[in-house]
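Quick caveat, the model's predicted, so the values are computed rather than measured. Chain naming here is simple, since letters A, B, ... match the order of the sequence lines and numbering starts at 1 in each.
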Amino acid sequence: MLSIKNLHASIEGTPILRGINLEIKAGEVHAIMGPNGSGKSTLASVLAGREEYEVTDGEVIFNGKDLLEYSPEDRAREGVFLAFQYPVEIPGVSSTNFLRTAVNQVREYRGLDPLDAVKFLTLMKEKMKLVEIDQKLLSRSLNEGFSGGEKKRNEIFQMAMLEPKLSILDETDSGLDIDALKIVSNGVNQLKSKDNATIVVTHYQRLLDYIVPDYVHVLYKGRIVKSGTKELALELEEKGYDWIKEAVDSEATV
Amino acid sequence: MSTLTKQTKIGSLIDFPAKGFESARSQAKEAFEIQGLPGAKTEEYKFTAITKKLEQQLTDVTMAEPFEVTPELVNSHLFEGFDGDVLVFANGHFQSNVSSQIEGIEISLLSKKSDTSIGKIAKPEKDAFCAINQASFADGLFISIPKKTQLEKTILFLNFTKISSGQVIQPRIWIEAGDFAEASFIEQTINLTDVTFFVNKVVEIKGGLNTHLHYYRLQNEGSNAIEVSNIETDIQQDSTFSSVVISLSGEMVRNNLSLNLLGSNSEGNMYGLYLLNGKTHVDNHTNVDHTIPHAESNELYKGILADHSRGVFNGKIFVRQDAQKTNAFQQNNNILLSEDAVVNTKPQLEIWADDVKCSHGCTTGQLDEEALFYLQTRGIGKLQAKGLLLYAFAGEVLEHIKHEAFKTYCTQLVEDRLGAKL
Ligand SMILES: Nc1ncnc2c1ncn2[C@@H]1O[C@H](COP(=O)(O)OP(=O)(O)OP(=O)(O)O)[C@@H](O)[C@H]1O
Ligand SMILES: [Mg+2]
């Protein structure tokens, strides 16, 4: 589904991603871990199409298409979804209006008829249950004044509404209490199918008890320096990143 | 200075022969002699070179005559859902034959009311154009809302303009509201021709005790309109006055809006939205004068500027020494969509009382790129995402329109403009 080869990206001339290789097949869950500043959010942003990042080398093929050629909105319409580490507050834009516009633009791109108000509301109600999000939140402006947890829940709710093929969850677990974590994970798991894939970026093994990954990758200094199965996450939890950093840094100095 | 000023086309208007109001007219001429037309060094018109603009654009200055307006024309220009009363003007001249007969209030030509105090609220000493209007307006409209009359229907001032090149329109309206009166007004102009014209308008509003008035203006006359308006109101005890000005087009527009808070527990609100493109130039000069304790003023002006447009905001808040416990709030926010668009914004606070709450702020920036990206990652096209964000920005002003059909109408105009990215 997704094939990243030798991806290099920089911001304002500073290289951040320095040769990422990653293969993801439909139905898989990949966890990306790594110390602060290693480039996890950068990778997520580059996949979603943030313009500030310049891709200097490499390629990203998504379902046979050259993803990097697409605008952010077309990537979303093709089925890429990014749950932001820091969802943006947008005062004055009603959550419902926003979602309806989004859903219908995505549908139009996929050759489907737009949902009328009734059908849209039905869909919304159904998906709201999935992440147990309160109606009251959605009658407010988008993310405005939402707590950290509410914002994260809203990200997953939007994901449920847009039914993406590839979801990238950037630290969706950070700041969630255990109940909220269970709800969010449960939502993600219910949306999982053999046809879609998920990338979860996280610092905590805890999340991976609920969203069980097929693979775990460690990102460090803009490269994937170690890959393994879910046991790797447990090992990282126990030992931290120092042993990986040391191995990489000593190799680099040789 | 004044002789030079009179040699200008626009300055010559001061001596344009006009009937009646002898003392008011001579007072206005005197006031004009003293101040002259605003020039490059006039602080109040620093960013709006209106005199120069008029000299360049008005080839031959004459007063625009009235013309026949048919009921069909009026009906075809009422915005959808409007169910109020209409007062029609043709080139600034009141047309009673196509206007509504409004029960319970007095409406007449200003010339029929020799006892009015024109020029006592919007004083000719304060502004040269106000003086010109007072010296040479042909006739105006007098509206009196008696004590305890609450008008359920909104009054629409529908101005039609139809001119040959270089003409001047000088509307003048006097509104007085008795104690406990309530009313709302909408002002809209329909331009029927495609040549440059100059509107020099004065509206004076005299409120009583506990009166509640709304005054809405939609400025969308197209790129031929050069306009100066002086609107001023006296607000008495326990009264509220709210103004919303929506400016969507015009060659050069200068709005002087002044609120005088004269009685305690009174409230004055001024809201404005300007969406500018092309070379449109809109200048909002507002002035609120807190003269007594325990009064409140709120002000929010927002602008979105594209292309080579220019916006000016100047907000004066004057809190006199006696005006303790004043609450005054002022905010001006601008989004620039082009590198060539310019905004000059200036809060001007003069506070002589010590126990007051005053806050003001102004911002000028670009569209929030982070918000734009967020919307795009949800599959919303860039153009539409921009429209959504801009509309959200503008919506905060539209919220203050309490007339539902008018709000819907303005919202539609704004959405159409923003959807097409101005
Ligand atoms: N706009 C920017 N300008 C310059 N450097 C930037 C910019 N944005 C990110 N960086 C740098 O890029 C590096 C990678 O940042 P990124 O946010 O991808 O890390 P991360 O792995 O997501 O970290 P965290 O775990 O803290 O979320 C960091 O060193 C960061 O300082
Ligand atoms: Mg990050």
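Proximity to chain A (any heavy atom under 4.5 Å) is shown, for B:Glu396, by neither the backbone nor the side chain. Both the backbone and the side chain of A:Pro87 come within less than 4.5 Å of a heavy atom of chain B. Only the side chain of A:Phe81 comes within contact range of chain B, with heavy atoms under 4.5 Å apart. Heavy atoms closer than 4.5 Å to chain B are found nowhere in A:Arg75, neither backbone nor side chain. Using a 4.5 Å cut-off between heavy atoms, A:Leu142 contacts chain B through its side chain alone, with no backbone atom that close. Interface remark: A:Asp74 contributes no atoms to any contact with chain B (heavy atom separation under 4.5 Å). With a 4.5 Å cut-off on non-hydrogen atoms, B:Gln384 touches chain A through its side chain but not through its backbone.
Shortest non-hydrogen contact noted between B:Gln376 and A:Ala76 is O-CB, 4.0 Å. The minimum heavy-atom distance linking B:Ala392 with A:Pro91 is given by the pair CB-O, 3.5 Å. Closest approach of A:Glu73 and B:Lys382 over heavy atoms only: OE2-N, 3.1 Å. Considering all non-hydrogen atoms of both residues, A:Val106 and B:Gly379 come closest at CG2-CA, 4.0 Å. The minimum heavy-atom distance linking A:Val93 with B:Leu388 is given by the pair CG2-O, 3.8 Å.
Comparing B:Ala394, B:Gly381, B:Ala371 by how many heavy-atom pairs each has under 4.5 Å with chain A, the most go to B:Gly381. Across A:Ile90, A:Val80, A:Asn104, the residue that shares the most heavy-atom pairs under 4.5 angstrom with chain B is A:Ile90. For the set B:Leu389, B:Asp368, B:Thr377, the entry with the most heavy-atom pairs within less than 4.5 Å of chain A is B:Thr377. Ranked by non-hydrogen atom pairs under 4.5 Å with chain B, the options A:Pro164, A:Ser141, A:Gly49 are led by A:Gly49.
Here CD of A:Gln158 is found 3.5 Å from OH of B:Tyr374. Values are rounded to the nearest 0.5 Å. Note that CZ of B:Phe373 is 6.5 Å distant from CG of A:Leu82, once rounded to the nearest 0.5 Å.
With hydrogens and angles ignored, the 3.5 Å screen pairs no side-chain donor or acceptor of B:Glu370 with any backbone N or O of A:Val88.
Atom NZ of B:Lys279 sits in a sparse spot, with 12 or fewer heavy atoms from other residues, nucleotides or ligands closer than 6.0 Å. Counting heavy atoms of neighbouring residues, nucleotides and ligands inside a 6.0 Å radius, atom CD of A:Glu59 exceeds 12 of them. Residue-environment remark: CG (A:Asp66) exceeds the threshold of 12 foreign heavy atoms within 6.0 Å. Heavy-atom neighbours of B:Lys325 NZ from other residues, nucleotides or ligands within 6.0 Å: at or below the threshold of 12.
For B:Arg378 and A:Glu155, the salt-bridge test passes: some basic side-chain N is under 4.0 Å from an acidic carboxylate O.
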